[in-house]
Protein chains: 2
Amino acid sequence: MPLNLILQNIAKHINLTKEEQDVFTAYLQTKKIKRKQFLLTDGDICKYSAFVTSGCLRGYTVDKGGIEHVLNFAPPDWWIADMYSLLSQKPGMLNIEALEDTEVLLLSKANQEKLYLEIPKFEHFFRILVENSLVASQQRLIDGLSLTAEERYNNFCKRYPTLIDNLPQKQIASYIGVTPEFFSRMRSEMIKRR
Amino acid sequence: MPLNLILQNIAKHINLTKEEQDVFTAYLQTKKIKRKQFLLTDGDICKYSAFVTSGCLRGYTVDKGGIEHVLNFAPPDWWIADMYSLLSQKPGMLNIEALEDTEVLLLSKANQEKLYLEIPKFEHFFRILVENSLVASQQRLIDGLSLTAEERYNNFCKRYPTLIDNLPQKQIASYIGVTPEFFSRMRSEMIKRR
DNA sequence: ATTATTTCTTAACCTACATCAAGTGCCCCC
DNA sequence: GGGGGCACTTGATGTAGGTTAAGAAATAAT
């Protein structure tokens, strides 16, 4: 069980005693997900936050026309959940699927609430975590309103350099909001212009 | 000073003693902003979260071509800040401007940090506040990727019914991501189809 | 190693929305 | 109350990205 990674992630924002670490880690469950398997399916109620220790997940929605739209990727050291469903405990719209064999540590909403009571530092930790997510989400919203697809792709490469090597092109295309065809064309034009 | 409104806002998520209320309210400053005046200008460092007690603010960015893109509105009972700049204490991209004469209560980042230490319940309050913001931001992101402008406008009317009566059309257009010309045309076509 | 499936590439054609421009209507301010 | 400026409307034209389709290349499965 690779608890070191999650303890380091937590230690970015809060200091836990050894005892507190034990309390925290006792609340976690390990889960392995094979490539193409789902951690969460749209219409389900999201009961866990997941912390990725190896592999890669993607969160995506499917629109009326059956087109998939990637909301987020989660490589190692990242958290992922359907936030709407997790908070409201209502059926959500997000599918969370493994892009490759993946291992996660699951923290249930119930255990998360217990953590807040037993170790209030976790209020602080998750506030900061969500604040940073909000900043990234708003930045992406602004990008979608004001930048061309090329500019969005450039930003993606700058912000998440470690992701681009292993992510399939069609997933990157979906994340920046264009079709695979357009993405392919755009990239070859960018290369011609070098 | 209309402290009742903000105390009610806080009471949605946390219970404060009378003493705690006094500590909290002592940290607030009142500010009046005339229509068209700025609370924050892009390039500045955001030092406050603002709670609107009357009037209406809008947060927007300006792109390379000089086009404004509305990120958020803040009518009464809403919080607003440039989250990136507030968290990082680096110059931000958001302008916050009054759409009408507005009154806000300001909570500085420094005071906010003090609050967390003196009344840790505020960690809980702001975590929930930011979580809800994240959900709304992600939903808007997904809408922008998967819906037509009409559908986005319909969602806007459903989610924020109290906003549409008083907001100028061009601001709504900017929020849903279309030009004023297209918005005007789209609306008259929707009316024809009734 | 071979086959099946998926991903990527490329070309032709299409479309939701943008841009430009000008006129009308409305609101704000003096 | 009136003038000026801004918001809204409308028409013509343009464009960033989508759709359709087919072939090539790469990857997965056996």
Side-chain angles (χ1 to χ4, degrees), chain A residues 33-37 55-56 58 60 62-70 73 97-102 143-156 163-193, chain B residues 33-37 55-56 58 60 62-70 73 97-102 143-156 163-193:
Chain A
I33 316 163
K34 285 223 158 284
R35 172 180 153 81
K36 299 233 161 163
Q37 272 191 330
C56 190
R58 70 163 176 150
Y60 70 96
V62 182
D63 70 26
K64 282 183 308 188
I67 309 293
E68 298 175 358
H69 304 286
V70 172
F73 298 114
E97 180 196 52
L99 288 175
E100 59 195 65
D101 292 0
T102 299
D143 287 357
L145 292 171
S146 52
L147 302 181
T148 62
E150 265 192 43
E151 289 164 333
R152 300 201 295 279
Y153 176 53
N154 285 334
N155 281 354
F156 179 78
L163 284 183
I164 49 179
D165 294 332
N166 297 315
L167 281 181
Q169 284 191 20
K170 63 184 289 202
Q171 300 303 338
I172 302 179
S174 181
Y175 184 85
I176 67 172
V178 300
T179 61
E181 292 89 352
F182 185 77
F183 185 71
S184 183
R185 183 181 298 122
M186 180 185 83
R187 281 201 355 150
S188 79
E189 277 172 33
M190 284 164 82
I191 287 165
K192 269 191 223 149
R193 272 196 259 118
Chain B
I33 316 162
K34 285 222 156 288
R35 173 179 153 81
K36 297 226 163 172
Q37 273 192 332
C56 189
R58 71 163 174 147
Y60 70 95
V62 182
D63 70 26
K64 282 183 307 188
I67 309 292
E68 298 175 357
H69 302 287
V70 173
F73 298 115
E97 178 195 56
L99 288 175
E100 59 195 66
D101 292 359
T102 299
D143 286 358
L145 291 172
S146 51
L147 302 181
T148 62
E150 265 192 43
E151 288 164 333
R152 300 200 297 278
Y153 176 54
N154 286 333
N155 281 354
F156 180 78
L163 283 184
I164 48 180
D165 294 333
N166 296 317
L167 281 181
Q169 284 191 20
K170 64 182 291 201
Q171 301 303 340
I172 302 179
S174 182
Y175 184 86
I176 67 173
V178 299
T179 62
E181 292 91 345
F182 185 78
F183 186 70
S184 182
R185 187 174 291 122
M186 178 186 83
R187 278 200 0 148
S188 81
E189 278 172 32
M190 283 164 83
I191 287 163
K192 268 190 221 145
R193 272 197 257 114

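Just the heavy atoms: all of them, side chains too, but no hydrogens, waters or symmetry mates, feed the values below.
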B/Arg35 or B/Phe183: which one's nearest nucleotide on DNA chain C is closer to the 5' end?
B/Phe183

Rounding to a whole Å, what distance do you find between [X]:[atom1] and [N]:[atom2]?
{"X": "A/Leu99", "N": "C/dT6", "atom1": "CG", "atom2": "C1'", "answer": "14 Å"}
{"X": "B/Phe182", "N": "C/dA16", "atom1": "CZ", "atom2": "C1'", "answer": "6 Å"}
{"X": "B/Ile67", "N": "C/dT19", "atom1": "CD1", "atom2": "C1'", "answer": "10 Å"}
{"X": "A/Ile172", "N": "C/dC8", "atom1": "CD1", "atom2": "C1'", "answer": "13 Å"}
{"X": "A/Arg187", "N": "C/dT7", "atom1": "CZ", "atom2": "C1'", "answer": "12 Å"}
{"X": "A/Gln171", "N": "C/dT6", "atom1": "CD", "atom2": "P", "answer": "14 Å"}
{"X": "A/Lys192", "N": "C/dT9", "atom1": "NZ", "atom2": "P", "answer": "12 Å"}

Tell me which of A/Glu181 and A/Ala149 sits closer to the 5' end of DNA chain D, going by the nucleotide each one is nearest to.
A/Ala149

Comparing nearest nucleotides in DNA chain D, the 5'-proximal residue of the pair B/Arg185, B/Lys36 is B/Lys36

Nt span of DNA chain D in reach of chain A heavy atoms at under 4.0 Å, 5' end first, is D/dG17 to D/dA28

Report yes if the side chains of [X] and [Y] come closer than 4.5 Å at any heavy-atom pair, otherwise no.
{"X": "A/Arg187", "Y": "A/Ile172", "value": "no"}
{"X": "A/Tyr153", "Y": "A/Val178", "value": "no"}
{"X": "B/Glu68", "Y": "B/Glu97", "value": "no"}
{"X": "A/Asp143", "Y": "A/Phe156", "value": "no"}

Shortest non-hydrogen contact from B/Leu99 toward B/Arg35
O-NH1, 3.1 Å

Side-chain N or O of B/Thr179 closer than 4.0 Å to phosphate OP1/OP2 of C/dC17:
no

Is there a donor in the side chain of B/Arg58 and an acceptor in the side chain of B/Tyr175, or the other way round, less than 3.5 Å apart?
no

Carboxylate-amine/guanidinium proximity below 4.0 Å for A/Asp101 and A/Lys34
yes

So what does B/Gly177 touch, heavy atoms closer than 4.0 Å: a base, only the sugar-phosphate, or nothing?
sugar-phosphate

